[in-house]
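Here the structure comes first, spelled out in structure tokens, and everything after it is commentary.
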Amino acid sequence: MTITPVKMVIDTDPGVDDAMAILYVAHMPEIELLGLTSVFGNVSVEKATRNALRLVEDAGLNVPVAGGAAGPLARDAQPHSYHVHGAEGFGDIPAQTPKGRALDEDAADFLIRMAREHAGELVVCAIGPITNLAEAINRDAGFAKNVKRIVFMGGAAFVPGNVTPHAEANTFNDPHALNVVLQSGAPVTMVGLDVTMQILLDGDDFAALERANPNHGGFLNRASAFYLEFYRQVVGVAGCGLHDPAAVIACHRPDLFESRSVAIRVIEEGEEIGRTLPVDEGAPMVEVLTGGDMDGVKNLFLRAFGPATATA
Ligand code: BDR
Ligand code: CA
């Protein structure tokens with residue numbers, strides 16, 4: 001059976017788990033990556049653009065990178081997550097200057113152009129604060145109709161947040177942008193902490209990735225040490241959530257997940273800012289992933305880097 005690849009743009013703030021998601025795509029012929037757009041979040045937008053360029057070069061992905069938003073639409077800018085992802089975004093791995101440069105076109109214009117050129121086919125997978133997508137919707141009334149689906153990593157509908165008791169990091173960073181996206185009328189899937197914290201990767205998993213693929217798996221094994229230490233010390237969990245890779249996997253393997261259609265209101269101010277609150281009515285409906293074949297998702301991710309090899 002011939003599988004038609006999913007046409008995808010990834011909007012990203014790399015970031016250790018962003019790197020996991022993008023390197024997964026490099027090994028997944030079921031996804032046709034059309035480009036990356038960068039956004040502030042885990043790191044500054046300058047570092048996010050640089051890291052995105054480095055990832056496409058290291059992965060041998062011949063796709064453009066468009067630089068995006070440096071801060072949120074309306075709220076006060078929050079500190080970047082260097083304590084989670086390391087000073088340059090990839091744990092203790094030093095910064096590396098990429099060979100290429102970003103497009104002159106910015107992220108929102110690139111997203112608008114891709115959605116027009118691939119109308120009805122483009123899936124936008126947002127794995128950072130969703131500011132660039134809100135900007136695309138604000139600039140182009142046709143954007144929401146042109147995209148096939150927006151799949152975003154963010155939010156926590158039925159579980160606690162990870163930066164506050166109420167909010168997940170991406171939605172905390174730009175709640176207004178998520179409301180713009182939800183109200184746009186585009187079909188939206190939320191890959192929040194409800195599902196991503198059900199899939200944990202530990203040090204043994206990353207070591208296996210390195211054995212399977214010394215180049216990309218080795219990079220992720222090195223980058224993840226700092227990230228895993230954050231999870232161990234601060235979150236109290238012996239593994240990291242498969243946040244951003246789960247969002248990418250949900251784009252091409254939705255059959256692995258269970259979901260509920262939920263009306264979601266994003267809280268824009270006060271103590272609960274960034275909360276993705278399920279309400280009875282009066283808010284846009286979102287497909288919220290709640291669980292599924294979590295071992296299947298994890299194995300799909302790990303196996304993408306090569307066959308499992310015996311412990312060294
Ligand atoms: C999300 O926040 C970022 O730190 C990660 O890259 C992921 O996109 C998890 O809450
Ligand atoms: Ca991210």
Backbone N or O of [Y] within a donor-acceptor pair of the [X] side chain at under 3.5 Å?
X	Y	value
D106	G68	no
D174	L73	yes
N213	H216	yes
N170	M153	yes
E272	R275	no
N221	G217	no
R149	A186	no
N132	S38	yes
E287	S259	no

Cluster link M294 to F206, ILVMFWY, side chain under 4.5 Å: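 Yes.
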Residues [X], [Y]: salt bridge by 4.0 Å N-O rule:
X	Y	value
D109	R139	yes
R232	E229	yes
D13	K47	no
R50	E46	no

Side chain to side chain donor-acceptor pair (under 3.5 Å) evaluation trace for E258 with T290: CA-CA 6 Å; E258 290 164 4; T290 54; 4.7 Å; no
Short side-chain donor-acceptor distance under 3.5 Å, E88 and N51: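 Distance-only check fails for N51 and E88.
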Y24 ring center within less than 6.0 Å of F305 ring center: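 Centroid separation for F305 and Y24: 6.0 Å or greater.
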Between Y227 and H85, ring centroids under 6.0 Å: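 They qualify: ring centres under 6.0 Å apart.
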Sub-4.5 Å side-chain heavy-atom contact between V159 and M197: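 V159 vs M197: side chains apart.
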Full working for salt bridge (Lys or Arg N to Asp or Glu O under 4.0 Å) between E32 and K7: CA-CA 5 Å; E32 181 186 349; K7 292 181 193 289; 3.4 Å; yes
